[in-house]
Amino acid sequence: MTSSTSSSDQSHRGWMILALSAVLVVAVNVAAGAMLSAADQPIDHLESLPVEDGVWLIGNSMMGTGVDPQSLAGATGEDVVFQEFGAHYSSVWYLIVRNALPQATAQPAVVVWGFRPHTDRIPPLRGVGSTTQPLFEVEGDALYDTLLERDLNDPWMGASVSGSMGDAFGELPLAREREDSRSSLTDLMIEISAALLDRLGADGMAIQLRDGVINGDLTLGDVATRLVTEGRVQFATELVDDLQGDFVRGEPQPFDATFLPEIARLLMEQGIAQVVIVHPQRNVAEGERLAVEDAFVDDAHDWFEARGIPVLDAYNDPEIVLADFGGGDHLNESGRTKVTAALAATLNGG
C-alpha cells in the first residue's frame with residue numbers, strides 16, 4: 001500500500017469517526033436531557049470547578065488553543081483546571097466570577113483569564129441563542145444590563161449556529177452538567193462508541209475516547225481531527241476562523257466601559273490573585289495593527305499595572321509569528337507552547 005493511499009484511508013476513517021461520534025453524542029444528550037434536571041445555582045453550570053489553592057483558567061477557545069493545562073501544571077507544580085465556554089466572551093467571564101465563583105467550595109490561588117481587543121472591546125458580543133450565558137445571570141445586576149445593552153427580543157434560548165462542532169457538543173445537556181453529575185448512561189454510550197470506533201480500525205481510539213473525552217481534555221471533534229491530520233493539528237478549534245456565524249454585536253467601547261475592569265475588581269474583592277492574558281491576534285502577526293486596538297491594550301496595561309495585576313501580553317509579543325496561528329486568531333501547537341511557557345514563568349514569579 002502506498003503512503004498516499006494509507007493517508008487517504010486514515011483521513012476517511014477520521015471522517016467516519018467524526019460523523020459517528022456526532023450521532024452518538026447527540027443521541028446520548030437527547031436521552032439525558034430528559035433525565036437530568038436543570039441546576040438551580042450558577043455554580044452548578046460549571047463543568048470544571050476550581051481546586052483549593054490551584055490555578056483556575058476561564059476562557060473560550062482562545063484560551064483553549066493558547067494554553068496547555070497539563071504542560072502548565074508540570075511547569076508550575078500546581079493543580080491546573082480549565083473552564084472553557086466556546087463562542088462566549090467577557091460578559092460570561094464577568095457572570096462566572098460574580099455569580100458562580102463565590103459559590104465554589106474551593107477557592108483557587110490564582111484565576112487566569114484573558115481578552116482580545118478585537119472582540120472584548122464589544123461588551124454585548126456573544127453567540128446568538130447561546131444556552132450558557134443566561135444560566136449564570138442573576139436578576140438585579142444593573143451594571144451587567146447596562147454594559148450588555150440587552151435586547152429582550154433576542155432569541156436567547158435558540159440553537160447556537162456559531163463556533164466549531166466541539167463548541168456545539170459543549171452546549172448539549174450532558175456537557176453542561178458538572179462532572180460528578182454525569183450519569184451511567186454517559187459511560188455506557190462512550191463504551192459503545194469506543195467499541196464501534198475500534199471496529200472502524202481507529203487504533204487506540206477507545207482509550208482516547210474514554211480518557212480524553214470523559215475527562216474533558218478532548219472533544220470527539222479533537223479526536224477525529226488528530227486522526228485526520230495525523231497529529232499535525234491537536235484541537236478542532238485550531239481550524240476554525242472565529243466569529244464566522246451568528247453573533248450579537250454592539251458598539252466598541254473604551255477599556256473602562258467594558259467588562260474587563262469589572263472582572264478584575266470582582267476577583268480583587270474576593271481576595272483571589274489573577275493573571276490576565278492579552279491574547280495574540282493574527283492581524284498583528286501579519287503587520288496590520290489597528291491603532292484603536294493598540295490603544296485599548298495600552299489602556300488595559302495602565303489600569304492593571306496601577307493595581308498590581310500581572311499581565312501576560314501575548315498580543316505584543318514579537319515571538320508570536322504568523323506560523324504560530326491555526327484558523328483565525330486560534331494558536332496552533334507552536335504558539336500554544338510559547339504562550340504556555342510564558343504563563344508558567346509569570347505564575348512562577350518570573
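Scope of the values below: all heavy atoms of this structure, side chains included, with no hydrogens, waters or symmetry mates. As the structure is a prediction and not an experimental result, all values here were calculated from the model.
- If you check the side chains of S91 and Q133, you find a donor sitting under 3.5 Å from an acceptor.
- A314 and V339 get closest at one heavy-atom pair: CB-CG2, 4.2 Å.
- Looking at every heavy atom in both residues, Q270 comes nearest to P102 through NE2-CG, 3.7 Å.
- Residues Q253 and A257 come closest through the heavy atom pair CB-O, 3.8 Å.
- Within the 3.5 Å criterion, the main-chain N or O of Q103 finds no donor-acceptor partner in the side chain of Q41.
- Applying the side chain to side chain donor-acceptor pair (under 3.5 Å) criterion to D141, with sequence neighbours excluded, gives Y94, R98.
- Between L101 and L267, the closest side-chain pair of non-hydrogen atoms falls below 4.5 Å.
- For the residue pair Q274 and P310, the shortest heavy atom distance occurs at O-CD, 3.2 Å.
- Rounding to the nearest 0.5 angstrom, the gap separating the OH atom in Y89 from the OG1 atom in T119 is 6.0 Å.
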In sequence, state the C-alpha distance, the side-chain angles, and the governing distance for I320 and D317, and then conclude on side-chain contact (heavy atoms from CB on, under 4.5 Å).
-> CA-CA 6 Å; I320 303 295; D317 188 346; 3.9 Å; yes
Begin with the C-alpha distance, continue with both residues' side-chain angles, and end with the deciding distance and a verdict on side-chain contact (heavy atoms from CB on, under 4.5 Å) for F115 and F259.
-> CA-CA 10 Å; F115 70 92; F259 283 106; over 6 Å; no
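- Between the NE2 atom of H118 and the CG atom of L125 there is a distance of 9.0 Å, given to the nearest 0.5 Å.
- Residues T337 and D68 have side chains not in contact (no heavy-atom distance under 4.5 Å, counting atoms from C-beta outward).
- Rounding to the nearest 0.5 Å gives a distance of 11.5 Å between OG1 of T65 and CG of D324.
- Using a 3.5 Å distance cut-off with no hydrogens or angles, the side chains of W56 and Q83 do not pair a donor with an acceptor.
- The NE2 atom of H88 sits 8.5 Å away from the CD1 atom of I96 when rounded to the nearest 0.5 Å.
- No side-chain N or O of Y315 forms a donor-acceptor pair with one of Q281 less than 3.5 Å apart.
- For the pair M63 and I58, the tightest heavy-atom approach, listed with the atom from each and the gap, is CE-O, 3.5 Å.
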Assess whether side-chain contact (heavy atoms from CB on, under 4.5 Å) is satisfied between Y144 and V138, documenting all intermediate values.
-> CA-CA 10 Å; Y144 173 72; V138 173; over 6 Å; no
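- With sequence neighbours excluded, no residue forms a side chain to side chain donor-acceptor pair (under 3.5 Å) with E52.
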Test log, rule side-chain contact (heavy atoms from CB on, under 4.5 Å), inputs L260 and W93 | CA-CA 9 Å; L260 305 180; W93 320 150; 5.9 Å; no
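- Checking side-chain atoms of R282 against main-chain N and O of G328 turns up a donor-acceptor pair under 3.5 Å.
- The closest side-chain heavy-atom distance from T340 to K338 is not below 4.5 Å.
- A salt bridge links R289 with D294: the closest approach of a Lys/Arg side-chain nitrogen to an acidic carboxylate oxygen falls below 4.0 angstrom.
- Annotation: side chain of W113 is not in contact with side chain of I277 (no heavy-atom distance under 4.5 Å).
- Between atom CG of residue L331 and atom CD of residue E333 there is a gap of 10.5 Å, rounded to the nearest 0.5 Å.
- Between the side chain of N332 and the backbone N or O of G335 there is at least one donor-acceptor pair closer than 3.5 Å.
- Taking 4.5 Å as the limit, some side-chain heavy atom of V112 sits within range of a side-chain heavy atom of V55.
- Clustering ILVMFWY residues whenever any of their side-chain heavy atoms sit less than 4.5 angstrom apart, transitively, puts L143 in the very cluster that holds L148.
- Rounding to the nearest 0.5 angstrom, the gap separating the CG atom in N283 from the CG atom in D329 is 7.0 Å.
- Considering only heavy atoms from C-beta on, D79 stays 4.5 Å or farther from D53 through its side chain.
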Take S90 and D120, measure what side-chain hydrogen bond (donor to acceptor under 3.5 Å, both in side chains) needs, and give me the verdict at the end.
-> CA-CA 6 Å; S90 53; D120 293 301; 3.1 Å; yes
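- T76 and L72 make their closest contact through OG1-O, 2.8 Å (heavy atoms, listed as atom of the first residue, atom of the second, distance).
- Between M268 and R307 the shortest side-chain heavy-atom distance falls below 4.5 Å.
- V111 is not listed as a side-chain neighbour of V275, based on a closest heavy-atom distance of 4.5 Å or more.
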List, one per line, each side-chain donor-acceptor pair under 3.5 Å for residues 296-306, sequence neighbours excluded.
from: H301; atom 1: NE2; to: D313; atom 2: OD2; distance (Å): 2.8

